[in-house]
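Here is the structure we will look at.
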Amino acid sequence: MEQLQRKLAEYTTSLYNEKILDEQFIQLQQLQDESNPDFVVEVVSLFFEDSERLLNELAKALNQANVDFKKLDAHVHQMKGSSSSIGAQRVQRGCIAFRNYCDDRNVEGCLKCLQQVKNEYTLVKNKLETLFKLEKQFVDAGGSFPIV
């Protein structure tokens, strides 16, 4: 149990040290309680679904002969907001750069940022899925939250 707890704590700390997550994720975790033990997983799952849809919309929009930068920016703005709401800091930062290229109507810059945002999204998704697995192992072994 102690080893699982230490592994979970070290992994969680690494997510903040690598700037994958920020304090917004901590605030999200603080909203979870016994009456809604899966709150964070549910919110993050919605983020994953929304992000997959938005990334597809962004790719489609950039694939058009005449790119609608206003529509593109609206999708990037939505992705920035949802990533910010769960504390996905690196995705959010990628979206900020992406929006600047939208403002400049720079297709090449937008394509580069789309790839960067996709990479950061994949990274945060994999890291959070691992975190949730570690948390489940901890709880299944008899542990409880919050860990002090």
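Start at 1 with the first residue, then count along the sequence.
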Sequence neighbours left out, cut at 3.5 Å: what donor-acceptor pairs do the side chains of residues 71-81 make with other protein atoms?
| from | atom 1 | to | atom 2 | distance (Å) |
| --- | --- | --- | --- | --- |
| Asp73 | OD1 | Arg99 | NE | 2.8 |
| Asp73 | OD2 | Arg99 | NH2 | 3.0 |
| His77 | ND1 | Arg99 | NH1 | 2.8 |

Open item on the list: Testing the basics here: between Ser83 and Val91, what is the closest heavy-atom pair and its distance to 0.1 Å?
Closed with: CB-CG1, 3.6 Å

Open item on the list: Does this structure show an ion pair linking Arg93 with Glu120, if we count only N-O contacts that are shorter than 4.0 Å?
Closed with: no

Open item on the list: Which heavy atom of Cys102 sits nearest to which heavy atom of Phe69, and what is that distance?
Closed with: O-CD2, 3.8 Å

Task: Expected output: side-chain Arg90 to main-chain Val124 donor-acceptor under 3.5 Å - done: no

- [ ] Please round to the nearest 0.5 Å and tell me the distance separating atom CG of Leu111 and atom CG of Leu58.
- [x] 10.5 Å

Open item on the list: Do Phe39 and Leu28 have side chains that approach each other closer than 4.5 Å (heavy atoms only, starting at C-beta)?
Closed with: yes

- [ ] Answer yes if the side chains of Gln32 and Asn36 hold a donor-acceptor pair under 3.5 Å, and no otherwise.
- [x] no

Open item on the list: Nearest 0.5 angstrom please: Glu135 CD to Thr12 OG1, how far?
Closed with: 6.5 Å

Task: Minimum heavy-atom distance between Gly142 and Met1, given as atom pair plus value - done: C-CE, 3.2 Å

TODO: Determine the minimum heavy-atom distance between Leu21 and Ile86, stating which atoms define it.
DONE: CD2-O, 4.3 Å

Open item on the list: Measuring from atom OG of Ser51 to atom NZ of Lys118, what distance do you get when rounded to the nearest 0.5 angstrom?
Closed with: 12.5 Å

Open item on the list: Any non-hydrogen side-chain atom of Val44 less than 4.5 Å from a side-chain atom of Phe132?
Closed with: yes

- [ ] Using atom types as modelled and distance alone, determine if a side-chain donor or acceptor of Gln64 lies under 3.5 Å from a backbone N or O of Lys60.
- [x] yes

Open item on the list: Tell me whether Val41 shares a hydrophobic cluster with Leu31, the cluster being built from Ile, Leu, Val, Met, Phe, Trp, Tyr side chains joined at under 4.5 Å.
Closed with: yes

Open item on the list: I'd like to know if the side chain of Gln92 reaches the main chain of Ser84, judged simply by a donor and an acceptor atom lying under 3.5 Å from each other, with no hydrogens or angles considered.
Closed with: no

Task: Minimum heavy-atom distance between Leu4 and Ala141, given as atom pair plus value - done: CD1-CB, 3.7 Å

- [ ] Look at the aromatic rings of Tyr121 and Phe48 and report parallel, tilted or perpendicular, splitting at 30° and 60°.
- [x] perpendicular

Open item on the list: Within this structure, what is the OG-CZ distance for the pair Ser82 and Phe47, rounded to the nearest 0.5 Å?
Closed with: 5.0 Å

Open item on the list: Strictly by salt bridge (charged side-chain N to carboxylate O under 4.0 Å, His left out), give each pair with a member in residues 35-52 just once, sequence neighbours left out.
Closed with: Asp50-Arg53, Glu52-Lys125

Task: Pairwise side-chain contact, Tyr16 with Gln89, heavy-atom cut-off 4.5 Å (strictly under) - done: no

TODO: Output the distance between atom CG (Leu123) and atom CG (Leu128), rounded to the nearest 0.5 Å.
DONE: 9.5 Å

Open item on the list: I need the Tyr11 OH to Leu131 CG distance, nearest 0.5 Å.
Closed with: 7.0 Å

Open item on the list: When you compare the side chain of Arg6 with that of Glu2, does any pair of heavy atoms fall below 4.5 Å?
Closed with: yes

Open item on the list: One thing to verify: whether Lys7 and Glu10 come together as a salt bridge, which I'm taking to mean a side-chain N less than 4.0 angstrom from a carboxylate O.
Closed with: no

- [ ] Identify the two heavy atoms, one from Gly109 and one from Asn106, that lie closest to each other, and give their separation to 0.1 Å.
- [x] N-OD1, 2.6 Å

Open item on the list: Do Phe98 and Leu55 sit in one hydrophobic cluster, given that two such residues count as connected whenever their side-chain heavy atoms are within less than 4.5 Å of each other, even indirectly?
Closed with: yes

Open item on the list: Measuring only between side-chain heavy atoms, which start at C-beta, is Val40 closer than 4.5 Å to Phe25?
Closed with: yes

